[in-house]
Amino acid sequence: MNDYKDEELMIMFKNENPAAFDLLFERYRGPVFGFIFRMLGYDREAAEDLYQEIFIKVFKGRDFYEPSGKFSAWLFTIARNHCLNYLKSRRYLEAQRTQSLDEVQSKAGQEAAAPNPENNPGTDREILDEAIAELPEKYREVFLLHAVEELPHEEIAGILDMNAATVRTNYHRARRLLREKLGPVLS
Amino acid sequence: MKCRECREQLSEYQAGDLREDISRAIEEHLGECPECAAELAAFDKLDNLVDKLAQLEPAAETILNIKNQTVFKMPEVTRKTEFGPVMDMAELADFMRVSIEAVEESIDELPCFEFGGKILFRRKSIEEWLEHKERDHGFSKLESDVNSILAGKDLF
């Protein structure tokens, strides 16, 4: 069964073959979690919740999958939409909270709590992870899907509903921003 | 080509996303400019670092939750528990706790009759047939045990 393509497994899974779903889950459990975790800026609790929701959605929504499309594109589209919805609601909640608190006091508290890379620089990999987390969303998602998950630009274009040229442009912008942020680490 | 122009396109150059003439111009510039060549090396280093990014895994508890919530529900089987004196094939299958296919396969063995275009079974005849079946099975077992003892095999 290991030789089957994702799309073939998905058809078997649509026909209620539980082993097909298990295999798809094994193939994508790491990549999808990595994508979500990094998209959410390393918020593990939120990433675990979202990850669970996504796979349950895939399981329940198997009939919506069109066998003509790539399974990975379908799966990452669901994952990406969940991440964006979550980030949107988190931003809204944060804005609400800021308004309701004494802003000066809140800002002072946040600055004290924020990790300072100067005091604790970490490994090069950790510094890269931090830099990825700081990328604007539209660059971060393209960078993660192409550089980390190794999806081709054309497939990413389908996931993000944009043309492949824009995907390429955003990807290179992300790399340039990372190069700037990482400065001496890469020199 | 100037350094600024070159550096703005290094990422695209490295990925092979540029027109051939622009790529060639950058290549020429890189051959003459050690600072821009070092900048290209920085992009190589970025790629190496990305390749070494940790594989992230969800918690075991999360995986367990997913497994528990992604189980195919088998259709509920409702079996009849009370039967009249005459049964059709579906009722007989329920009566004997087997599938209709199993009844169809053994139809030549079963006491049955045809009426109104349907194959029907008298419950009493079926019960008698089952009794015979039980006795035959007991006898076969006894016969096989005797043969085993005669062959010197230990039964227990």
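Throughout, protein chains are lettered first and strands after them, A, B, ... in sequence-line order, and every chain is numbered starting at 1.
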- Task: Counting only heavy atoms closer than 4.5 Å, note whether Ile132(A) contacts chain B via side chain, backbone, both or neither.
- Result: side chain

- Arg179(A)/Glu39(B) under salt bridge (charged side-chain N to carboxylate O under 4.0 Å, His left out): CA gap, chis, key distance, verdict: CA-CA 9 Å; Arg179(A) 167 67 192 108; Glu39(B) 200 51 30; 2.6 Å; yes

- How about Arg4(B): does its CZ atom have over 12 heavy atoms from other parts shown lying under 6.0 Å from it? no

- Message: More than 12 heavy atoms of other residues, nucleotides or ligands under 6.0 Å from NZ of Lys57(A): yes or no?
- Response: no

- Validation row: Phe59(A), Ile66(B) side chains within 4.5 angstrom (heavy atoms): no

- Who among Lys60(A), Arg44(A), Glu150(A) has the most heavy-atom pairs with chain B under 4.5 Å? Arg44(A)

- Query: Are any non-hydrogen side-chain atoms of Leu186(A) and Leu49(B) less than 4.5 angstrom apart?
  - Reply: yes

- Message: Has Arg29(A) got a side-chain atom pairing as donor or acceptor with Glu57(B)'s backbone, closer than 3.5 angstrom?
- Response: no

- In one Ile/Leu/Val/Met/Phe/Trp/Tyr side-chain cluster, 4.5 Å: Val103(B), Phe83(B): yes

- Around Asn15(A), counting heavy atoms of other residues, nucleotides and ligands shown, do more than 12 lie under 6.0 Å from its CG? yes

- Query: Nearest 0.5 Å, what's the CZ-CG distance between Arg125(A) and Asp51(B)?
  - Reply: 11.5 Å

- Query: Quick one: do Met87(B) and Leu120(B) end up in the same hydrophobic cluster if we chain Ile, Leu, Val, Met, Phe, Trp and Tyr together by side-chain heavy atoms under 4.5 Å apart?
  - Reply: no

- How many angstroms lie between atom CG of Leu53(B) and atom CG of Leu144(A), to the nearest 0.5 angstrom? 9.0 Å

- Message: Given heavy-atom pairs under 4.5 angstrom as the criterion, report whether the side chain, backbone, both or neither of Glu12(B) touches chain A.
- Response: both

- Query: Take atom CD in Glu127(B); do more than 12 heavy atoms of anything else shown fall under 6.0 Å from it?
  - Reply: yes

- Query: Are more than 12 heavy atoms from other residues, nucleotides or ligands located less than 6.0 Å from atom CZ of Arg19(B)?
  - Reply: no

- Tell me, yes or no, whether the heavy-atom count around Tyr4(A) atom OH, taken from other residues, nucleotides or ligands under 6.0 Å, exceeds 12. no

- With distance as the sole test, does Arg176(A) use its side chain to make a donor-acceptor pair with the main-chain N or O of Ser11(B) at under 3.5 Å? no

- Query: What part of Phe21(A) is in contact with chain B, defined as an atom under 4.5 angstrom from a non-hydrogen atom: side chain, backbone, both or neither?
  - Reply: side chain

- Main-chain N/O of Ile56(A) paired to Gln69(B) side chain as donor or acceptor, under 3.5 Å: no

- Item | From Tyr51(A) atom OH to Ile63(B) atom CD1, the distance as rounded to the nearest 0.5 Å | 5.0 Å

- Query: When only pairs under 4.5 Å are counted, which of Leu178(A), Leu128(A), Val148(A) shares the most heavy-atom pairs with chain B?
  - Reply: Leu128(A)

- Item | Arg168(A) portion near chain B, given a 4.5 angstrom heavy-atom threshold | side chain

- Message: Assigning hydrophobic clusters by single linkage (Ile, Leu, Val, Met, Phe, Trp, Tyr; side-chain heavy-atom cutoff under 4.5 Å), is Ile78(A) placed with Phe64(A)?
- Response: no

- Message: With a 4.5 Å cut-off on side-chain heavy-atom distances among I, L, V, M, F, W and Y, is there a chain of contacts connecting Leu23(A) to Phe71(A)?
- Response: yes

- Message: Less than 4.5 Å to any heavy atom of chain B: does that hold for the side chain of Val185(A), its backbone, both, or neither?
- Response: both

- Task: Among Glu8(B), Glu61(B), Gln9(B), single out the residue with the greatest number of heavy-atom pairs under 4.5 Å to chain A.
- Result: Glu8(B)

- Task: Quick one: pull up CG in Asp17(B) and OG1 in Thr169(A) and give me the separation to the nearest 0.5 Å.
- Result: 9.0 Å

- Minimum side-chain heavy-atom gap Glu48(A)-Asn65(B) below 4.5 Å: no

- Out of curiosity, does Ile119(B) fall in the hydrophobic cluster containing Leu110(B) (side-chain heavy atoms, cut-off under 4.5 Å, transitive links)? yes

- N/O donor-acceptor pair under 3.5 Å between Lys67(B) side chain and Asp22(A) backbone: no

- Item | Winner by heavy-atom pair count (cut-off under 4.5 Å) against chain A, out of Leu10(B), Leu46(B), Asp44(B) | Leu46(B)

- Which atoms of Phe35(A) approach chain B - backbone, side chain, both or neither, heavy atom under 4.5 Å: neither

- Query: Atom OH of Tyr42(A) and atom CG of Leu56(B): how far apart are they, to the nearest 0.5 Å?
  - Reply: 6.5 Å

- Message: For Ala38(B), which atoms come within 4.5 Å of any heavy atom of chain A: side chain, backbone, both, or neither?
- Response: neither

